[in-house]
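All values below come from the heavy atoms of this structure, side chains included, with hydrogens, waters and symmetry mates left out. One-based numbering, in listed order, for ligands and for the atoms of each.
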Amino acid sequence: MQTVTVELGPRSYPVHIGEGLLRHGDVLSSAVGDGSILVVTNDIVGPLYLASVLEQLPADRTRTYQLPDGEIHKTVKSWGLILDELIRHKVSRDACIVSLGGGVIGDLAGFAAASYMRGIAFVQLPTTLLAQVDASVGGKTGVNHAQGKNLIGAFHQPRAVIIDVATMATLPDREYRAGVAEVVKYGLIRDPRFLRWLEDHTESINLRAPETIMHMVEVSVRNKAEVVAADEREAGSRALLNLGHSFGHAIETLTGYQRWLHGEAVAIGMVVAARLSENRGLLQQGSTERVAGLLDQLGLPTAVPDDLAGASILETLALDKKVMGGRLRLILLEALGSAVVDASSAPSEILEAIEGCRA
Ligand code: NAD
Ligand code: GLY
């Protein structure tokens, strides 16, 4: 087992990473404290892992709340149902919520923990690669609103994150690859050595070799922990984690969130960001091909689809919250392994980069 600490003074916490941590070991039982426990999960992950988790928790003070699967349930209504459950059982402030699932369950359960009695303890057991390397670390919690994703939420750091990499064995292929896109992001924005390692290990990543997954998750969590420790509330450098996300989000919006998973859209977005950086002379020539080549080998999409007009993407980007003084605030690359926040790209340059990423 490896442990990475997210250094946040009194809110510091460990992220334990290992094989089989949901089946054995005492990390979970010691993280939950002495109060009552509510395990929140969904109807896909529950049948797979809930029994093992419950075996490690005291039966007399543990309850379970199971939601239906899916992003459509990451709502104020589901959040309210979790609160209803806590109130119905007169749960006191020393309680702990345990989230067992992907980013949807983590964000929802975390927001319930952030808001019940103005904040109770919370332990994350992330079971998707995306949740293990990104969503479970850093304290962003929340739910969606009909007007937009993650519009309602709070920062609330967990007490501990326990990552069992063995859960990757049941994760559907596309979900796994979508998580890999976020892993590549860490290499691109701040870790050139990791980027080279990823390039050298595409085969074992695709085969989900246990030791490869373990290393990939550990290095990603270390990177995320450092970013969060430096800028917990996203006043500045944490925004670098959004590489490819503005373009990705525009593509997801224009395709009604139906065609691609978030990580897949981010993969295309990272290629566009690299192309824009290269066209603007920030990034060495040929780097975009290197980024696209790696993502392609990892089974991720890299081209802007022909049925999405560049002008529509630009328009959707402009509606995004990251506009500053009329110019879009984008994350660009100044090297493969170093990112910057930039607000000086002209709309024509953005359009040219989008068009330069067609198949
Ligand atoms: P998800 O939670 O919907 O999980 C994807 C699918 O995999 C679901 O059907 C789920 O039930 C299933 N699943 C989960 N673990 C499994 C396993 N081990 N085996 C089989 N199936 C499994 O999606 P996600 O990609 O994990 O998370 C996306 C969510 O995370 C979004 O709502 C996004 O906004 C949020 N997010 C939050 C942060 C943050 O910092 N809080 C960061 C990134 C993303
Ligand atoms: N997923 C972006 C962040 O945690 O800031």
Handout entry: Proximal ligand 2 atoms for Arg238, defined as those under 4.0 Å from one of its heavy atoms
Key = 3 (C), 4 (O), 5 (O)
Exercise for the section: Compute the shortest N/O to N/O distance between Lys224 and ligand 2 and return yes if it is under 3.5 Å, no if not. Expected result: yes
Completion exercise
In terms of its nearest heavy atom to atom 13 (N) of ligand 1, the top option of Val228, Val266, Ile72, Val45 is Val45
Exercise for the section: Determine whether the side chain, the backbone, both or neither of Thr170 has a heavy atom under 4.0 Å from any heavy atom of ligand 1. Expected result: both
Fill in the blank from the handout: ligand 1 to Glu175, heavy atom cutoff 4.0 Å, flagged ligand atoms 5 (C), 6 (C)
Problem - Any side-chain donor near an acceptor of the partner, Arg63 and Ser36, under 3.5 Å - result: no
Handout entry: Heavy-atom nearest neighbour of atom 25 (O) of ligand 1 within options Leu108, Leu130, Val143, Asp43
Key = Leu130
Exercise for the section: Examine the side chains of Gln124 and Ser99 and answer whether a donor and an acceptor come within less than 3.5 Å of each other. Expected result: yes
Practice task
Please check if any side-chain donor atom of Thr170 sits under 3.5 Å from a side-chain acceptor atom of Tyr49, or the reverse.
Solution key: yes
Problem - Subset of ligand 1 atoms that lie under 4.0 Å from at least one heavy atom of Leu48 - result: 19 (N), 20 (C)
Fill in the blank from the handout: Counting heavy atoms under 4.0 Å, the part of Leu261 that contacts ligand 1 is neither
Handout entry: Under 3.5 Å side-chain donor-acceptor pair for His73 and Ser78
Key = no
Exercise for the section: For atom 4 (O) of ligand 1, grab the closest protein heavy atom and report residue, atom and distance to one decimal in Å. Expected result: Thr128 CG2, 3.5 Å
Exercise for the section: Please identify which atoms of ligand 1 are closer than 4.0 Å to at least one heavy atom of Asn150. Expected result: 34 (O)
Handout entry: Phe122 six-ring face occupied by Arg159 cation (under 6.0 Å, within 45°)
Key = no
Handout entry: Distance-only polar pair, side chains of Ser246 and Arg329, donor-acceptor under 3.5 Å
Key = no
Fill in the blank from the handout: Note: ligand 2 atoms sitting under 4.0 Å from heavy atoms of Glu234 are 5 (O)
Practice task
Before signing off on this row, confirm whether Asp134 and ligand 2 have an N or O atom pair separated by under 3.5 Å.
Solution key: yes
Practice task
Please check if any side-chain donor atom of Glu232 sits under 3.5 Å from a side-chain acceptor atom of Gln157, or the reverse.
Solution key: yes
Problem - Residue pair Leu67 / Val40: nearest heavy atoms and the distance that separates them - result: CD1-CG1, 4.1 Å
Fill in the blank from the handout: One finds that the ligand 1 atoms under 4.0 Å from a non-hydrogen atom of Ile44 are 11 (O), 21 (N)
Exercise for the section: Give the numbers and elements of all ligand 1 atoms closer than 4.0 Å to a heavy atom of Asp134. Expected result: 42 (C), 43 (C)
Handout entry: Ligand-side contact atoms (ligand 2) for residue partner Leu241, heavy atom cut-off under 4.0 Å
Key = 3 (C), 5 (O)
Handout entry: N-O pairing of Glu218 and Arg222 below 4.0 Å
Key = yes
Problem - Under 4.0 Å to a heavy atom of Thr127 - the qualifying atoms of ligand 1, by number - result: 14 (C), 15 (N), 16 (C), 17 (C), 18 (N)
Problem - Thr141 contact mode with ligand 1 (heavy-atom cut-off under 4.0 Å) - result: neither
Exercise for the section: In plain terms, say whether Glu252 and Arg259 are close enough for a salt bridge, that is, a side-chain N and a carboxylate O under 4.0 Å apart. Expected result: no
Exercise for the section: Specify the protein heavy atom at minimum distance from atom 22 (C) of ligand 1: its residue, its atom name, and the distance to 0.1 Å. Expected result: Leu171 CD1, 3.7 Å
Fill in the blank from the handout: the protein heavy atom lying closest to atom 30 (O) of ligand 1 turns out to be Gly103 CA, 3.3 Å
Problem - Which segment of Glu182 sits under 4.0 Å of ligand 1 when only heavy atoms are counted - result: neither
Practice task
Check for a donor-acceptor pair, side chain of Glu278 on one end and backbone N or O of Ser287 on the other, with a separation under 3.5 Å.
Solution key: yes
Handout entry: Option of least heavy-atom distance to atom 38 (C) of ligand 1 (set: Gly110, Ala135, Ala131, Ser99)
Key = Ala135
Problem - Sub-4.0 Å heavy-atom approach of Pro172 to ligand 1 - result: yes
Exercise for the section: Identify the heavy atoms of Pro301 and Glu264 that sit nearest to each other, and give their distance. Expected result: CG-O, 3.6 Å
Handout entry: Proximal candidate to atom 37 (C) of ligand 1 [heavy atom criterion; set Asp107, Leu67, Asp69]
Key = Asp107
Practice task
Would you tell me whether Thr167 and Gln132 have side-chain atoms, one donor and one acceptor, within less than 3.5 Å of each other?
Solution key: yes
Exercise for the section: Determine whether the side chains of Lys140 and Asn150 contain a donor N or O and an acceptor N or O closer than 3.5 Å. Expected result: no
Practice task
Quick one: look at Val104 and ligand 1, take heavy-atom pairs under 4.0 Å, and tell me if it's side chain, backbone, both or neither.
Solution key: both
Handout entry: Heavy-atom closest pair, residues Ile350 and Leu328
Key = CD1-CD1, 3.6 Å
Exercise for the section: Report the nearest protein non-hydrogen atom to atom 31 (C) of ligand 1: residue, atom name, distance rounded to 0.1 Å. Expected result: Glu71 OE1, 3.2 Å
Exercise for the section: Give the residue, atom name and distance (to 0.1 Å) of the protein heavy atom nearest atom 2 (C) of ligand 2. Expected result: Lys140 NZ, 3.9 Å
Exercise for the section: Using only heavy-atom distances, determine whether the side chains of Glu71 and Asn144 contain a donor-acceptor pair under 3.5 Å. Expected result: yes
Practice task
Would you mind listing which atoms of ligand 1 come within a distance below 4.0 Å of any non-hydrogen atom of Lys74?
Solution key: 31 (C), 32 (O), 33 (C), 34 (O), 35 (C)
